[in-house]
Amino acid sequence: MSRMPVSQVLNCETAPAEPILVQGWVRTRRDSKAFSFVEINDGSCLANLQIIADQGIPGYEDVLQLRTGASVSITGNLVESQGKQKWELQATSVEMLGNAEEDFPLQKKGHSMEFLRSIAHLRPRSNLFGAVFRVRSRMAYAIHQFFQDKGFVYVHTPIITASDCEGAGEMFRVTTLDGEELDTAPEKDFFGKPSYLTVSGQLEGETFACALSNIYTFGPTFRAENSHTSRHASEFWMVEPEMAFCDLQGDMDLAEEMVKYLVTDALEHCREDLQFFNSFIDKGLIERLQFVSERSFERVSYTEAVELLENSGEKFEYPVEYGLNLQSEHERWLTEEHFKCPVTVYNYPATVKPFYMRRNDDDKTVAAMDLLVPGIGEIVGGSQREERLDVLRENLKHHDLSEEDYWWYVDLRKYGTVKHAGFGLGFERLLMFVTGVANIRDVIPFPRTPGSADF
RNA sequence: UCCUCAGUAGCUCAGCGGUAGAGCGGGUGGCUGUUAACCACUAGGUCGUUGGUUCGAACCCAACCUGAGGAGCCA
C-alpha cells in the first residue's frame, strides 16, 4: 500500500472503499477512556488529519506513548467526522516510527519568531513555516513558468566571480590562501587572482541577453554588508531578467507584469496558506494582494516623486532634495501613504547610480527604476543599460573603474551593441510581500545574517 | 558602523532593594467524541556574563556577550 498525502486525503469527495495508508508527524494527541484522537501532519498541506485509534487495535500501546513530534505510520478507513472537520481516519493499525523525546521544543502554543529561528531545523514542522515554505516553492515554480512562457532562456551565471558588479555592495572573499599571502600574494590564490561570491549575475546576464535576446537568472546572491534590518540577509535569492532590444519602458512593464503574475498565482494556488497568514500574522493580506493583482501600478519619475514629497506637508527625518537618494521613509510615504499601492519610480539622478545605467538625454538622470511595495519598500531595482561605447567608457572613468577589469563587458558595446535593459527582484522580499511575514529571516530556510550562520 | 530596546523554568511572561512566581509544555493519576480538550498532584531556576554599590541585588551602576527594532547600504 502506498502512502497517501494528507492533502489528498482531506480533498476526497467520497470515502475510498479500501483502507489507506498515511504517514506523518504527530501534532497533538487527546485520550479518551477507550480510544485516542491523534492529529498528524505531513507538510502536504496546512491542515492536520485526525486519527481515531480505538483501544485494542495493533499498536494501541504505542499510541498512548505518542508525544507531539513523533513520526507515525497509520492504516485505516476514511470516515465522515462527527466533529468539526469533514474527514477523519478510523485506524486499523498504528505504528510508531520514532517517538519524540520529552523535550521536543515545538509546543501546540504559539512561539516567538526569535525562538523558532533558534530551532530552524524543526520550525518547518510548525503551521506558519510549513505554509511559508510551500508558498516559497510555488513562487519559485511560478517564476520559471512566467519566463518560460514568454520564451526567456534560463541562464546559470557563476556563483564565484572575480568581477565586482560595482554599486551592489560588499563582497565575500573566496580563497584557499591563509595568513599573510591573502594580502601579499593574491596571484598564488586558487584562481590566480582575488575572487568573490557573486553579488549579482547582471553583467554576465547581459552577455547572454546580447546573444539569446531574452534571458533570466534565478539563484543565490551574497552580500557581506553589515546590515541589521528585517529585510537584509547575507545570502538571498535573486531573479534577474535581461532583455535585448528593450528600453526602460519595457523593463518597467515586465517588472510590474511579473509582480502581478506572481501575486495572482499565489492567490490561485496557495489559498489555504494565504488564509492562514491572513488570520494570524497580517489581517489585511488577502485584500491587499487582490488589490495588487487587479489594479495597475503607479509610475512616477524621480523628479515628480521629489515634488510630491516636498509638497506633502510631512515632516521627514531626512531632507528631500533633488540629487539625493530617496530614504526609506520617503519610499514608504510614497507607496504606503500617498499612492497606497505599488509604485515604480524612474529616471534617477546619475550621481546616485552605478556606471552601467544608461544616461538620459537630459544628461543629468539615468534610465533607472525601483519598484516599491507597501510594507517592504524596494522589491525590484533595474535599469536600461548604457549601450553606447563612448558613454560607457566615460562612466567607467567617472566611477574610477578600469576598463581592463571590464574588458568583456565593454566588448558587448564594440560588437553589435543593442539597447537592453533588466532588473533584479529580491525573491525573499517578494515572499515577505506575498505572505505578510515581516522578517526576511523567516522566509528563507536557514538565514545567514552578520554573526549568524547556524545550521 | 551608528541609535534604541530586551535577556528570569523547555516556551511565553510577571516580579523592579528584603525567602524565585504563573500559564503552557514534561511526569503521574482521573474524566470526557475530543479538537491550543478539561481537572488534580508533581518535577523543574548560579534570574545572559564579569565587576561594582549596599547589611542585603533578579531589581541600582559599568563593561562585555547575545537577540530584536530602526538608520545607512541595497534586493
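Naming: A, B, ... by sequence-line order, numbering from 1 per chain.
Where A:P450 and A:M238 each meet RNA chain B at their nearest nucleotide, the meeting point lying more 5' is that of A:P450. For the pair A:I440 and A:T449, both in contact range of RNA chain B, the more 5′-proximal nearest nucleotide belongs to A:T449.
You'll find that the side chain of A:S81 is closest to B:rG33, out of B:rC73, B:rG70, B:rG33. Comparing atom distances between the A:F35 side chain and each of B:rG33, B:rA37, B:rG72 picks out B:rG33 as nearest.
Note: A:Y409 and A:Y406 have perpendicular aromatic rings, judged against thresholds of 30 and 60 degrees for the angle between ring planes.
B:rG33 has no base stacking with the ring of A:F37 when judged by centroids under 5.5 angstrom apart and an interplanar angle below 30°.
If you check B:rC11 for Watson-Crick or wobble pairing at under 3.5 angstrom, you find it paired to B:rG23.
Considering A:Y216, A:Y141, A:Y154 in turn, A:Y216 is the only one that fulfils the ring-ring contact (aromatic ring centres under 6.0 Å, His included) rule with A:F147.
Of the side-chain N and O atoms in A:S32, none sit less than 4.0 angstrom from OP1 or OP2 of B:rC31. Phosphate contact (OP1/OP2 of B:rU35, side-chain N/O of A:R27, threshold under 4.0 Å): absent.
Side chain A:R30 to base B:rC31: no donor-acceptor pair is found below 3.5 Å. One can find a donor-acceptor pair under 3.5 Å joining the base of B:rC74 and the side-chain atoms of A:H232. A donor and an acceptor atom sit less than 3.5 Å apart, one in the side chain of A:Q85 and one in the base of B:rU35. Evaluation of atom-type donor-acceptor distances gives a pair under 3.5 Å for the side chain of A:R223 against the base of B:rA75. For A:Q82 against B:rU34, a side-chain-to-base donor-acceptor contact under 3.5 Å is absent. In this model, a side-chain donor or acceptor of A:E88 finds a partner on the base of B:rG33 within 3.5 Å.
Between the side chains of A:E331 and A:Q327, no donor-acceptor pair of N or O atoms lies under 3.5 Å. Judged purely by distance below 3.5 Å, without hydrogens or angles, the side chains of A:R385 and A:S383 pair a donor atom with an acceptor atom.
As rounded to the nearest Å, B:rG48 and B:rA14 have P atoms that lie 13 Å from one another.
Listed by chain and number, the residues in a ring pair (Phe, Tyr, Trp, His ring centres under 6.0 Å) with A:F423 amount to none (sequence neighbours excluded).
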